[in-house]
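Report on the following structure.
This structure is a prediction, so every number in the text was calculated from the model and none was measured. Every chain is numbered from 1 and lettered A, B, ... according to where its sequence line falls, protein lines coming before strand lines.
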Protein chains: 2
Amino acid sequence: MTEAPSFDVFQPHDHRRCRKEALAAVLAECSARKLRLTPPRRCVLEALLEEHRAMTAYELLDRLREAGLGSQPPVVYRALDFLLANGFAHRIERLSAFVACTHGEGAHEAVFLVCRACRQVAEASLPALARNLEAEASEHAFRVERVAIEVEGLCARCAGAGA
Amino acid sequence: MTEAPSFDVFQPHDHRRCRKEALAAVLAECSARKLRLTPPRRCVLEALLEEHRAMTAYELLDRLREAGLGSQPPVVYRALDFLLANGFAHRIERLSAFVACTHGEGAHEAVFLVCRACRQVAEASLPALARNLEAEASEHAFRVERVAIEVEGLCARCAGAGA
DNA sequence: CCAAGTTTGTTACGTTATAACAGATCGCGA
DNA sequence: TCGCGATCTGTTATAACGTAACAAACTTGG
Ligand SMILES: [Zn+2]
Ligand SMILES: [Zn+2]
Ligand SMILES: [Zn+2]
Ligand SMILES: [Zn+2]
């Protein structure tokens with residue numbers, strides 16, 4: 001969480017470490033910002049950290065159920081609200097699904113590269129792009145609050161597999 | 001449809017003309033490309049052209065019902081499939097809703113400025129941004145197929161109204 | 001007219017998300 | 001340590017969004 005990963009999530013990498021460091025970073029940030037990573041929130045976060053794949057709310061709810069932490073939709077949506085609001089996870093609008101953040105600190109925006117075959121998601125920042133958007137918006141006298149940029153396609157592996 | 005509008009949809013404008021020209025452009029393009037703007041498709045398009053506001057599939061279905069053109073969800077989703085596939089309308093992922101195209105010709109992508117208060121949507125093109133994205137994607141060996149850029153915020157009118 | 005392809009319309013169902021409320025837990029000051 | 005307000009958890013119920021599968025109607029070209 002504390003800095004951009006030095007690897008590409010679409011490439012093979014030491015994901016055990018990736019996951020462990022991401023969790024540690026969230027714990028540190030919660031501690032620093034006096035946020036409570038309660039059991040359902042942590043359960044959802046850990047499920048998201050297992051893979052760089054977007055998961056639906058109901059897949060995450062299954063994890064909560066298995067962990068004995070409640071079995072109804074509001075539980076998972078509230079945990080997600082917390083994670084999204086604090087920049088620990090992102091919503092992929094295109095998929096109505098969620099991924100753990102691999103990138104920033106605090107609430108932030110990013111560009112998501114979303115593989116339509118394996119649903120893995122890479123997160124990139126693109127400040128130049130944000131400046132372009134600001135210029136465009138100001139021509140319309142539009143006050144920007146949130147930017148969602150989602151690029152759908154195929155990751156190298158899935159493209160290679162002949163999808 | 002045939003060219004970018006010379007006005008900003010967030011500003012007051014001659015919307016009767018705006019709507020009439022958009023419909024004429026779609027009719028022309030259907031004729032040129034041998035596409036069939038059948039009654040349900042036209043009904044949905046006209047509903048979308050009434051305002052520059054994103055409408056949900058079920059709002060559009062109500063229009064079909066009123067027009068006696070079927071009352072079940074698949075009817076509206078199929079009409080939308082046609083309009084989206086041919087670039088006559090766009091889906092706003094953030095809202096799970098749809099707007100008429102004000103911009104291009106044929107299937108195309110754009111940047112959407114979405115007012116969270118009035119749900120009006122302005123469409124802008126941003127080729128520079130697309131080039132940025134391509135560069136980003138190629139670093140990840142990612143094959144881009146679709147790009148969705150949605151900017152949420154407040155239009156000048158809604159910001160003025162103290163939202 | 002006939003056959004093939006496309007479009008329409010229906011039933012039924014699956015998925016995603018939220019409202020409303022009761023009970024549990026936490027943090028803090030008396 | 002005890003209470004008290006705020007936050008969080010968990011439930012029921014329901015709303016909103018979307019699709020599979022199939023039969024009937026229409027369109028187009030021979
Ligand atoms: Zn990893
Ligand atoms: Zn992939
Ligand atoms: Zn207009
Ligand atoms: Zn507005």
Next on the checklist: Ring-plane angle category for A/Phe88 and A/Phe82, please: parallel below 30°, perpendicular beyond 60°, tilted otherwise.
Outcome noted: tilted
Item to check | Ion pair check, A/Arg94 and A/Glu152, cut-off under 4.0 Å | outcome: yes
Checklist entry - Below 4.0 angstrom, N of the basic side chain to O of the carboxylate: do A/Arg146 and A/Glu93 qualify? => result yes
Item to check | Atom pair distance, as rounded to whole Å: CZ in A/Phe82 and P in D/dC8 | outcome: 8 Å
Restricting both atoms to N or O, compile the protein contacts to nucleotides 17-25 of chain D shorter than 3.5 Å, with distance only.
from: D/dG18; atom 1: OP1; to: B/Arg91; atom 2: NH1; distance (Å): 2.6
from: D/dG18; atom 1: OP1; to: B/Arg91; atom 2: NH2; distance (Å): 2.6
from: D/dG18; atom 1: OP2; to: B/Tyr77; atom 2: OH; distance (Å): 3.0
from: D/dG18; atom 1: O5'; to: B/Tyr77; atom 2: OH; distance (Å): 3.3
from: D/dG18; atom 1: N7; to: B/Tyr58; atom 2: OH; distance (Å): 2.5

Checklist entry - If Ile, Leu, Val, Met, Phe, Trp and Tyr residues are connected whenever their side-chain heavy atoms lie under 4.5 Å apart, and connections chain through other members, are B/Val44 and B/Leu95 in the same group? => result no
Checklist entry - If you measure from the Lys or Arg side-chain nitrogens to the Asp or Glu carboxylate oxygens, is any gap between B/Glu145 and A/Arg116 under 4.0 Å? => result yes
Next on the checklist: Tell me every residue that passes salt bridge (charged side-chain N to carboxylate O under 4.0 Å, His left out) with A/Glu134, counting only those two or more places apart in sequence or in another chain.
Outcome noted: none
Next on the checklist: Need one value for A/Pro39: base, sugar-phosphate or nothing, where a base atom within 4.0 Å counts as base even if backbone is also close, heavy atoms only.
Outcome noted: nothing
Item to check | Distance, rounded to the nearest Å, where A/Leu80 contributes CG and D/dC8 contributes P | outcome: 15 Å
Checklist outcome for this item: Its 5'-most and 3'-most nucleotides having an atom under 4.0 Å from a non-hydrogen atom of chain A, DNA chain C is contacted over C/dT16 to C/dC26
Checklist entry - What is the nucleic acid contact for A/Arg65, judged by heavy atoms within less than 4.0 Å: base, sugar-phosphate only, or nothing? => result nothing
Checklist entry - Should A/Leu64 and A/Leu60 count as side-chain neighbours, where that means a heavy-atom distance under 4.5 Å? => result no
Checklist entry - Which of these passes side-chain hydrogen bond (donor to acceptor under 3.5 Å, both in side chains) with A/His90: A/Glu150, A/His108, A/Glu109? => result A/His108
